[in-house]
*Asks:* 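Provided herewith is a single structure, encoded as structure tokens, for subsequent inquiry.
One-based numbering, in listed order, for ligands and for the atoms of each.
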Amino acid sequence: MAYVGSQPIYILSEGSRRTSGRDAQSMNIVAGRAVAEAVRTTLGPKGMDKMLVDTMGNVVITNDGVTILDEMDVDHPAAQMIVEVAQTQEDETGDGTTTAVILAGELLARAEDLLENDVHPTVVANGYRFAAAEARDVLESLATEVEGEDALREIAITAMTGKGAESSRDLLADLVVEAVSTVESEDGIDLDDVVVEPIVGGSVADSHLVRGVVMDKERAHENMPKRVTDAKVLLFDAPIEVRETDIDASLDITSPAQLEGFLAREEAEIREMVDTIVDSGATVVVCQKAIDDLAVHYLSKAGVLAVKRAKKSDVRALARATGATITSEFEDLESALGDAGLVEQREMGDETRIFVEDCPDAKAVTLVLRGGTEHVVSEVERAVEDALGVVRVTALDGRVLAGGGAPEIELARQLRDFADSVSGREQLAVEAFAGALEIVPRTLAENAGLDPIDSLVDLRARHEAGDANVGLDVYTGATADMMAQHVVEPVRVKLQAIESATEAVELLLRIDDVVAAGDLKKGGEFDEMDF
Ligand code: ADP
Ligand code: MG
């Protein structure tokens with residue numbers, strides 16, 4: 001509202017609310033920190049899980065930062081920005097989501113202290129930016145080059161620690177490393193080529209890697225073979241049925257003989273299609289569209305295993321795995337066929353799947369994950385997704401850091417030195433940034449039931465003495481060289497966490513005016529988060 005003399009002039013529509021200056025900043029900071037608080041207790045191997053129940057009563061039990069935040073359905077715009085930090089982290093690296101979010105939360109908390117002491121928000125934002133740039137350099141200098149599958153396995157294990165996959169961690173790490181190495185090519189590593197297929201039943205130890213594809217399908221007819229070895233696979237993405245005429249021609253059938261003739265022609269046409277398929281040498285047909293009943297009949301008589309209405313993504317993966325070309329014409333089928341050592345329909349628990357496996361030159365693989373219950377399998381799946389992400393990144397970059405809070409302590413130490421070289425009040429912000437990084441080891445300690453102050457003091461002392469890789473052994477409570485403990489993470493995960501946390505916080509700090517439309521959502525969604 002503005003005034004001309006004593007006359008108010010309304011510049012915003014009725015019902016809209018405006019918060020500005022310090023109030024706006026505090027409000028945003030509180031909202032952002034609330035998000036970080038929500039995931040804090042899940043960090044690290046000893047982190048707790050959360051049980052989330054949605055409006056439909058579906059239950060998710062997880063330890064995964066980005067999953068928790070997605071399920072929480074956060075509404076506040078500032079809080080939403082912190083949720084996006086987790087999403088960016090997930091998209092870019094596949095791991096480190098909790099770290100990124102709690103770092104953002106702590107940067108906000110420390111910014112609030114500075115603002116309280118009349119440091120201008122722009123100064124804080126600038127100082128944070130200087131510090132983040134310096135942090136990047138320090139992390140690069142701390143990185144160790146690694147190569148080979150053992151290093152990748154360690155990376156996978158660290159990412160899965162504390163994620164409900166504990167008992168079969170070694171097996172899962174092997175599977176993840178093998179999956180990533182199989183799909184690796186000169187063009188890089190496309191994780192779309194690694195399909196994760198959770199199947200409830202059995203135990204996690206029954207999980208395995210299939211060099212090929214697993215379809216959630218059954219064969220088109222029970223007279224078809226359940227098992228085909230040395231299969232020639234045809235991938236078809238058009239219906240296998242009599243072609244509809246383009247124009248709606250009406251058919252005048254005036255005698256039974258005419259009808260018979262018509263049906264006989266249709267039958268002959270289908271017969272011909274099936275003959276073409278069988279003559280090509282195909283023993284397995286996967287069709288993305290429908291297959292006419294009569295065609296199914298002829299195919300099963302010919303001993304072909306056919307699948308109809310297969311998922312598009314499965315057909316694509318099959319092409320990558322078997323080397324088949326997806327076709328929609330009944331021409332030149334022979335050259336379009338792919339190879340699979342074994343195609344088999346299997347019953348697993350209550351579920352039926354068709355396995356297309358032992359593909360000699362598979363460019364796509366399937367990680368079959370088993371577990372006693374839906375919740376177990378889902379949490380294992382999330383752990384494996386994280387592991388796939390870090391293994392991919394490490395296979396590409398070949399650069400790792402110690403985990404367990406070691407890099408954060410080292411960064412904090414070096415940034416405090418760096419702060420001395422920064423002039424003006426930005427120096428305070430750089431120091432705040434250094435302190436904020438220590439939220440990671442502090443939280444690891446808290447979540448392990450250790451005294452966070454003691455742990456930090458110990459860690460700082462070891463780092464002062466020059467042990468840059470010393471972090472917190474959350475199982476013993478002692479400080480330890482994390483490289484020697486095989487607790488390692490890709491450099492890219494930390495770089496990304498710092499970058500996205502800093503960017504989001506900077507953006508939030510530069511806001512000093514929030515104008516919310518009144519009737520956008522009834523009642524104003526802001527009221528739902530209590531602050
Ligand atoms: P995020 O979503 O950030 O990946 P996690 O719950 O996976 O969160 O925890 C990651 C943190 O746990 C990292 O700082 C990592 O170094 C640490 N960590 C993992 N395994 C160990 C371990 N065995 N000992 C100490 N710290 C570990
Ligand atoms: Mg993790």
*Asks:* Looking at Leu43, which atoms of ligand 1 are within less than 4.0 Å of one of its heavy atoms?
*Replies:*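 Per the distance check, 3 (O), 6 (O), 8 (O), 9 (O).
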*Asks:* Is ligand 1 less than 4.0 angstrom away from at least one heavy atom of Pro45?
*Replies:*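 A heavy atom of Pro45 does come that close to ligand 1.
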*Asks:* In plain terms, say whether Glu408 and Arg413 are close enough for a salt bridge, that is, a side-chain N and a carboxylate O under 4.0 Å apart.
*Replies:*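 No, this pair does not count.
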*Asks:* Run the numbers for me: atoms of ligand 1, each under 4.0 Å from some heavy atom of Gly403, listed by number.
*Replies:*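 Checking each atom against Gly403, I get 16 (O).
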*Asks:* Starting from atom 4 (O) of ligand 1, find the nearest protein heavy-atom neighbour and note its residue, name and distance.
*Replies:*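 Of every protein heavy atom, Asp95 OD1, 2.8 Å lies nearest to atom 4 (O) of ligand 1.
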*Asks:* If only atom types and distance count, is the side chain of Glu379 paired as donor or acceptor with the main-chain N or O of Asn63 below 3.5 Å?
*Replies:*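 Yes.
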*Asks:* Relative to the heavy atoms of Thr42, which atoms of ligand 1 are at a distance of less than 4.0 Å?
*Replies:*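 The atoms of ligand 1 under 4.0 Å from a heavy atom of Thr42 are 6 (O).
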*Asks:* Report the nearest protein non-hydrogen atom to atom 3 (O) of ligand 1: residue, atom name, distance rounded to 0.1 Å.
*Replies:*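 Ranked first by proximity to atom 3 (O) of ligand 1 is Thr99 OG1, 2.5 Å.
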*Asks:* Run the contact test for Thr97 against ligand 1 with a 4.0 Å cut-off on heavy atoms, strictly below, and give the result.
*Replies:*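 Yes, that is the case, since the closest heavy atom of the residue is under 4.0 Å from the ligand.
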*Asks:* Look only at the side chain of Asp467 and the backbone of Asn469, and say whether a donor-acceptor pair between them is shorter than 3.5 Å.
*Replies:*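 Looks like no, no N/O pair under 3.5 Å.
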*Asks:* Look at the side chain of Asp54 and the backbone N and O of Met56, then say whether any donor-acceptor pair between them is shorter than 3.5 Å.
*Replies:*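 Yes, because the side chain of Asp54 sits within donor-acceptor range (under 3.5 Å) of the backbone of Met56.
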*Asks:* Please give me the minimum heavy-atom distance between Ala179 and Leu367, naming the atom from each residue.
*Replies:*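 Nearest heavy atoms, Ala179 then Leu367: CB-CD1, 4.5 Å.
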*Asks:* State plainly whether the residues Arg33 and Glu112 are in salt-bridge range, i.e. N to O under 4.0 Å.
*Replies:*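 The answer is no: the pair does not qualify as a salt bridge.
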*Asks:* Do the ring planes of His208 and Phe355 sit parallel (below 30°), tilted (30 to 60°) or perpendicular (above 60°)?
*Replies:*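 Rings of His208 and Phe355: parallel, under 30°.
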*Asks:* How far is atom 19 (C) of ligand 1 from its nearest protein heavy atom, and which residue and atom name does that atom have?
*Replies:*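 Looking only at protein heavy atoms, the one closest to atom 19 (C) of ligand 1 is Thr158 CG2, 3.7 Å.
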*Asks:* Using non-hydrogen atoms of the residue, decide whether Gly96 is closer than 4.0 angstrom to ligand 1.
*Replies:*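 So Gly96 counts as touching ligand 1.
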*Asks:* Under a 3.5 Å distance rule, please check whether Ser168 uses its side chain to pair with a backbone N or O of Leu171 as donor and acceptor.
*Replies:*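 Side chain of Ser168 to backbone of Leu171, a donor-acceptor pair under 3.5 Å: no, none is there.
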*Asks:* Do His120 and Thr122 meet the criterion of a side-chain donor-acceptor pair at a distance under 3.5 Å?
*Replies:*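 On atom types as modelled, these side chains qualify, holding a pair under 3.5 Å.
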*Asks:* With a cut-off of 4.0 Å, which atoms of ligand 1 are near a heavy atom of Leu444?
*Replies:*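 Taking each heavy atom of Leu444 in turn, ligand 1 has 12 (O) under 4.0 Å.
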*Asks:* If you measure from each non-hydrogen atom of Lys163 to ligand 1, which part falls under 4.0 Å: side chain, backbone, both or neither?
*Replies:*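 Within the 4.0 Å criterion, Lys163 contacts ligand 1 through side-chain atoms alone.
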*Asks:* Looking at atom 26 (N) of ligand 1, what's its closest protein heavy atom, distance included?
*Replies:*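 That would be Gly404 CA, 3.3 Å.
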*Asks:* Ignoring hydrogens and angles, tell me if any N or O in the side chain of Asn447 forms a donor-acceptor pair with the backbone of Arg40 under 3.5 Å.
*Replies:*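 Looks like yes, one N/O pair under 3.5 Å.
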*Asks:* Tell me, which protein N/O/S atoms are under 2.8 Å away from the Mg ion (ligand 2)?
*Replies:*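 Counting only protein N, O or S atoms under 2.8 Å from the Mg ion (ligand 2), the list reads Asp95 OD1.
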*Asks:* Check Ala78 against Leu508 and note the closest heavy-atom contact, atom names and distance.
*Replies:*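 In terms of heavy atoms, the two residues are closest at CB-CD2, 3.7 Å.
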*Asks:* What is the closest protein heavy atom to atom 6 (O) of ligand 1, and at what distance does it sit?
*Replies:*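 The protein heavy atom lying closest is Gly44 N, 2.9 Å.
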*Asks:* Is a side-chain donor or acceptor of Arg370 paired with a backbone partner of Ile199 at a separation under 3.5 angstrom?
*Replies:*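 Such a contact is found between Arg370 side chain and Ile199 backbone.
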*Asks:* In terms of residue, atom name and distance, what is the protein heavy atom nearest to atom 23 (N) of ligand 1?
*Replies:*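 Here the nearest protein heavy atom works out to Val487 CG2, 3.5 Å.
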*Asks:* Under 4.0 Å from a heavy atom of Thr98: which atoms of ligand 1 are those, numbered in the order shown and with their elements?
*Replies:*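 The atoms of ligand 1 under 4.0 Å from a heavy atom of Thr98 are 1 (P), 2 (O), 3 (O), 8 (O).
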*Asks:* Just one of Thr62, Asn58, Leu52 clears the side chain to side chain contact (heavy atoms under 4.5 Å, CB included) bar with Glu71, so which one?
*Replies:*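 The option that passes is Leu52.
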*Asks:* May I ask you to identify the nearest protein heavy atom to atom 15 (C) of ligand 1, giving residue, atom name and distance to one decimal place in Å?
*Replies:*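 It is Glu489 OE2, 3.5 Å.
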*Asks:* Under 3.5 Å, side chain of Asp417 to main-chain N/O of Gln414, donor-acceptor pair present?
*Replies:*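 No; judged by distance alone, with no hydrogens or angles, the pair does not exist.
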*Asks:* Determine, step by step, whether Gln87 and Asp70 satisfy the side chain to side chain donor-acceptor pair (under 3.5 Å) criterion, reporting the C-alpha distance in whole Å, the side-chain angles of both residues, the deciding distance to 0.1 Å, and the verdict.
*Replies:* CA-CA 9 Å; Gln87 279 154 354; Asp70 280 350; 2.9 Å; yes
*Asks:* Of all the non-hydrogen atoms in the protein, which one sits nearest to atom 25 (C) of ligand 1, and at what distance?
*Replies:*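 Result for atom 25 (C) of ligand 1: Leu472 O, 3.3 Å.
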*Asks:* Under 4.0 Å from a heavy atom of Tyr475: give me the atoms of ligand 1 that qualify, with their elements.
*Replies:*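 Numbered from 1, ligand 1 contributes 23 (N).
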